[in-house]
Amino acid sequence: MAKTAIVTGSARGIGKAIAETLAKDGFDIIIIDACPIEASEETAKEIACLGVKTKAYRCDVTNSEEVNKVVEEVKTEFGSVDVLVNNAGITKDGLLVRMKEEDFDAVIAVNLKGTYNFTRAAAPIMMKQRSGRIVSISSIVGIQGNAGQVNYSASKAGIIGLTKSVARELASRGVTCNAIAPGYVETPMTAVLPDKVKEAMLEAIPMKRYGQPSDIANAVAFLVSDRASYITGQVLSVDGGMHM
Ligand code: NDP
């Protein structure tokens, strides 16, 4: 029976690339996104062409009731939850002294609480199975900080702490939990940045190219594969050498 992978925020961007790559590796794919269901269903349809089973859900990762319901349904319909990729994320940038409280809370709610909600829902299933892989998408700014991203970098640093604690709790049950820290990746999230910021980013990347969603997806594919069975609690930077 095929293994099942849940990927949050996968209607587009990095999440979509992760879903496609895992489908190519033979995983059945659950698309989770907060956007109108048509967009997620379109992505699911594209991925189904790769010969795997797919299903799309409209689900807000901040809503624990919705999350629990989706994970239960997936377990019933697909038989197992083998991989969870916590990828859904948002930015609401601004300097600390100008940052609105609601913008701080919103970013923590999606990026960190959303990661907690899905991990909390999937972990008991994986523990019972005595196997599972959890990968959460952090960011290099969660490691080194970034002016204008107090909320975002706090959420991404939080993901690293959560990852290491979950890794320690679940290691003896055959479940690994790791994080990936992307640098600058070309997606709709970064497309809106001013050209000046983009140029400065490129300057700071030793490999002198922006990351592509497939760069992140390939790292996820490795961490959820049998080849990574002895790796847990780690943060893998995928950033062309930006942070080392
Ligand atoms: P995108 O904005 O392109 O995609 C993010 C996806 O998450 C969207 O489909 C979005 O849906 C979904 N999403 C947002 N909020 C929720 C929610 N509450 N519930 C469910 N889904 C939600 O971003 P990227 O692909 O660039 O980023 C993916 C991840 O990688 C994020 O966690 C981001 O922080 C991280 N990252 C990205 C970097 C980059 O340079 N691009 C660098 C470092 C980390 P909707 O269409 O509804 O908004």
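What you see is a predicted model, and the numbers here were worked out from it, not measured in a lab. Each residue takes its place number in the sequence, starting with 1. Order of listing sets the numbers, starting from 1, for every ligand and every atom in it.
- Through direct or relayed side-chain contacts under 4.5 Å between Ile, Leu, Val, Met, Phe, Trp and Tyr, Tyr230 connects to no other residue.
- Applying the side chain to side chain donor-acceptor pair (under 3.5 Å) test to residues at least two apart or on different chains, the pairs with a partner in residues 6-30 are Lys16-Glu46.
- A side-chain hydrogen bond (donor to acceptor under 3.5 Å, both in side chains) with Asn86 is found for exactly one of Thr115, Asn117, Thr119, Asn111, namely Thr119.
- A distance limit of 4.0 angstrom between heavy atoms and ligand 1 selects the residues Gly9, Arg12, Gly13, Ile14, Asp33, Ala34, Cys35, Cys59, Asp60, Val61, Asn87, Ala88, Gly89, Ile90, Val110, Ile137, Ser138, Ser139, Tyr152, Lys156, Pro182, Gly183, Tyr184, Val185, Thr187, Pro188, Met189, Thr190.
- Between Gln129 and Asp82, some side-chain heavy-atom pair lies under the 4.5 Å cut-off.
- Residue Ile143 shares its hydrophobic cluster (ILVMFWY side chains chained together at separations under 4.5 Å) with Ile160, Val235.
- For the residue pair Asp93/Gln149, the side-chain donor-acceptor check at 3.5 Å is satisfied.
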